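Note on naming: letters A, B, ... go to the chains in the order of the sequence lines (proteins, then strands), and numbering restarts at 1 for each one. Because the structure is a prediction, the values reported are computed rather than measured.
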Amino acid sequence: MTTTGGSYLEQLNDVQRQAVTNTDGPVLVVAGPGSGKTRVLTFRIAHLIEKGTAPWEILSLTFTNKAAREMKERISKVVGSRAERVWAGTFHSIFARILRVEAEKIGYPSNFTIYDSDDTKSLVSTIIKEMNLDKNVYNANSIRSRISSAKSNLITPKLYADNEEFRAQDRMAKVPHLATIYQKYVMRCKRAGAMDFDDLLYRLFELLQKNPDNVLEKYRKKFKYILVDEFQDTNTLQYAIVRKLVNYEGSDRNICVVGDDAQSIYAFRGATIQNILDFEEDFQKHGIKVFKLEQNYRSTDHIVQAANELITYNARQIPKRIWSDKGEGQRIRIIKAMTDSEEGKRVSDTIMEQKNRFHLSNSDIAILYRTNSQSRIFEEHLRRLSIPYRVFGGLSFYQRKEVKDLIAYLRLIVNPRDEEAFRRVINFPKRGIGNSTIEKIANLANSKGISMWDALPEFGASGRSGKSIADFVDMITKSAKRADTANAYELAIYIAKRSGLIDLLKSDTTVEGMGRLENLNALLDGINAFVEEEATDVIGTEGTAPPDKSLASYLQNIALLTDFDNNENDGDHITLMSVHSAKGLEFKSVFVVGLEEKLFPSYMSMDSIEGLDEERRLFYVAVTRAEQFLTLSYANARYRYGSMRYNEPSRFLEEIPRQHVESTAGVRSASPEMSSMSNGGARIQGNFSRPRSAETSKVKVDPSTFKPSPHESIEAGMRVLHLKFGEGKVISVDGGKGNRVATIHFKDVDNPQRRIMLKFAKLQIL
DNA sequence: GTTGGTATCTGTGGA
DNA sequence: AGATACCAAC
């Protein structure tokens, strides 16, 4: 043991220690927010290494690069530099790394391209256009997500086409050709030597399934211990791969998954809580051990209890109540604003006030929102108060046009069959190869079943664009030749100049144009840094593999990076980010903003119980980010899509028991901005429905005698009691089983007629 | 083939 | 509101 080695177990509570030291056999850790989940995972890995497991025999899968990096840092605090050799990374990056070695076994080049969602969308659009389908009916985005979910559920184009149920669904949705699009899409990706994000998972599964050269055994032997973080966010496909690696005859089944069903927020990309339930069942007979971490070390009690309460509104969950001994703490504050702009101002003012009163630094504070587009208004107001901030998420560096353009050239050099890259740069900067020529090349490629690049020689130098095409081919071929001797950086500089990209940007002297040139230079610097970087970040296979500094390797790296990853801790700033990206983080003071119906919960998720439950879990995640101060805010009206929209306060606000909420006295006093409002503003005020919490406060129902009746038994005509709205009469009940909605007229409420989802509501029949 | 203008749509989360 | 698609004129 190292000198620090002995002490790490003492930093754990009993359950945590058991979860760390029970290293062999299947383990499920159900970990509430702030319960020391990361600590358990990292110490478990450290413990394995201390006990003699080779670092490279440990596979640790996470969802973000940030989580993986943090984990390695924390492991190395216990076991030193050996931590570098652990296979720790995201599902996508680890699998991409394996596929880079094995791709040729399943018919892909080892330097395959990774298609991002823009590439995917554009390929889907191209196919729809080629099939002469109406793009308004065949919406590229929804088709993309349908294809994605098919892949995530291991449904191949063939299975899809043969499945009568899917076809019936598609006919109903007026998209009968979806199966064909899916089939073409997969074929085109393969033809382009490209994998989309789902393929990085799916093709690895395919590899292990088909098992050429007994590759399955190779990886089963290699990974003696497997750990999965955020298991509630895995999809069917990811779990299928994990099972392949670990659940087989004669396996030690050293698998540890950590998750919290209440924090599952990625159902939209195929994640299913079912995996946690299945996991218990799948490993039952192999002596699974289950540990529940319920003590919350993060937040004070009002916050913890509010979170507990609100999650009970969900239909399905693993029973669990988190608790804290950090004391009662501050109550939750609610800010009500007339407009989005006022919300921005009030939140910024409150931040200023908190900073002064409680001596918080900027880095202690975060503003969390449902959609990235909400950041703008807070930026404006924070800037006005000279409060430094940083916005995470949104358009990442690698999604900017000028960056994507150069990357497309690099992609094409590495893999000329990459059709999306080809289409992007064949005529940019303009070189006289117009749409009709591109169409002709595409038609030729399709009829031959080859890529557009491979179709070029046959297309010939005929016609007006012949010379330009020949020149283009020459440029790419020459660059590819250079790649043998030049490194990625030299190559990037060469092609940036040779293609005319640099000149084009230099000729644009506007502020934006200069910004674009800066971005391009930043990209070049980034490539240089990648080339010069020491081997520190490299996960050696057996600790001996030399760092792969090729252009192909660079491209695969950046394809999986997000905005999170290319930024250092640069000083003391407030954090602005979506609730999704805040998962796993914590701040002394958290502002959850935009708590309005149709925004949070999102209108996209409001028409189903499952959707609403996921939004509620998302809100649960948001609330549990806060250590000491939690502030919730909403606006009655906000600009969205070009016009003022009015929204009700979010139902989630009502689901927080009042005893955890700060009294609103004084908080609602008009801000200067409100009193200086124009007539337009006055009209908005006129439409302002009174906040629900204010009107409900006068209804007195004693919670100790209140006994909710089963929601199935509620019928029209009954007299019922509601914890917040008091006594009311059920006017009607509609909606299907499990989804019933009652219209109830309450006696003592300003807005008496209410539509209530019976599944969530707690009603007592009188 | 290119340019510049107008019409139309789309609209969450993120590896 | 902003991005993109489409169309007419050069």
Can you check whether [X] has a side-chain N or O nearer than 4.0 Å to OP1 or OP2 of [N]?
| X | N | value |
| --- | --- | --- |
| A:Asn372 | B:dT12 | no |
| A:Ser581 | B:dG14 | yes |
| A:Lys598 | B:dT12 | no |

Query - Residues A:Arg645, A:Glu596: salt bridge by 4.0 Å N-O rule - result: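 Here A:Arg645 does not pair with A:Glu596 in a salt bridge, since their nearest N and O are not under 4.0 Å apart.
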Query - Ionic contact status for A:Glu342 with A:Lys345, cut-off 4.0 Å - result: no
Closest to the [X] side chain: [options]?
| X | options | value |
| --- | --- | --- |
| A:Ser578 | B:dG13, B:dT2, C:dA5 | B:dG13 |
| A:Asn139 | B:dT3, B:dT10, B:dG13 | B:dT10 |
| A:Lys135 | B:dG13, C:dA5, B:dT10 | C:dA5 |
| A:Thr371 | B:dT3, B:dT12, B:dT10 | B:dT12 |
| A:Arg640 | B:dT2, B:dT12, B:dT10 | B:dT12 |
| A:Arg370 | C:dC6, B:dT12, B:dG14 | B:dT12 |
| A:Phe268 | B:dC9, B:dT3, B:dG14 | B:dG14 |

Query raised in the report: Want to settle it: does A:Gly434 or A:Ser605 sit nearer the 5' end of DNA chain B, counting the closest nucleotide to each?
Result: A:Gly434
Report task. Let me know, please, whether A:Phe91 or A:Ser602 comes out on the 5' side of the other along DNA chain B by nearest nucleotide. Result ->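 Closer to the 5' end of DNA chain B: A:Ser602.
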Find the distance [X]:[atom1] to [N]:[atom2] and express it as a whole number of Å.
| X | N | atom1 | atom2 | value |
| --- | --- | --- | --- | --- |
| A:Asp196 | B:dG14 | CG | C1' | 14 Å |
| A:Asp118 | C:dA3 | CG | C1' | 12 Å |
| A:Phe397 | B:dG14 | CZ | C1' | 19 Å |
| A:Asp116 | B:dG14 | CG | P | 15 Å |
| A:Met606 | B:dG13 | CE | C1' | 17 Å |
| A:Gln263 | B:dG13 | CD | P | 20 Å |
| A:Phe63 | B:dG13 | CZ | P | 18 Å |
| A:Leu368 | B:dT12 | CG | P | 18 Å |

Query raised in the report: With respect to A:Asp119, which candidate in A:Arg423, A:Arg424, A:Arg411 satisfies the salt bridge (Lys or Arg N to Asp or Glu O under 4.0 Å) definition?
Result: A:Arg411
Query raised in the report: Considering all heavy atoms of both residues, which atom of A:Arg616 and which atom of A:Asn314 are nearest to each other, and what is their separation?
Result: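 Distance-wise, the nearest heavy atoms are NH1-OD1, 2.8 Å.
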How would you label the contact of [X] with the nucleic acid (heavy atoms, under 4.0 Å): base, sugar-phosphate, or nothing?
| X | value |
| --- | --- |
| A:Tyr639 | nothing |
| A:Tyr266 | sugar-phosphate |
| A:Asn427 | sugar-phosphate |
| A:Asn435 | nothing |
| A:Asn141 | sugar-phosphate |
| A:Ser436 | sugar-phosphate |

Query raised in the report: Picking from A:Thr156, A:Asp198, A:Asp196, what satisfies side chain to side chain donor-acceptor pair (under 3.5 Å) with A:Lys151?
Result: A:Asp196
Query raised in the report: Tell me, do A:Arg203 and A:Phe95 make a side-chain contact under 4.5 Å, heavy atoms counted?
Result: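 No; the side chains remain at least 4.5 Å from each other.
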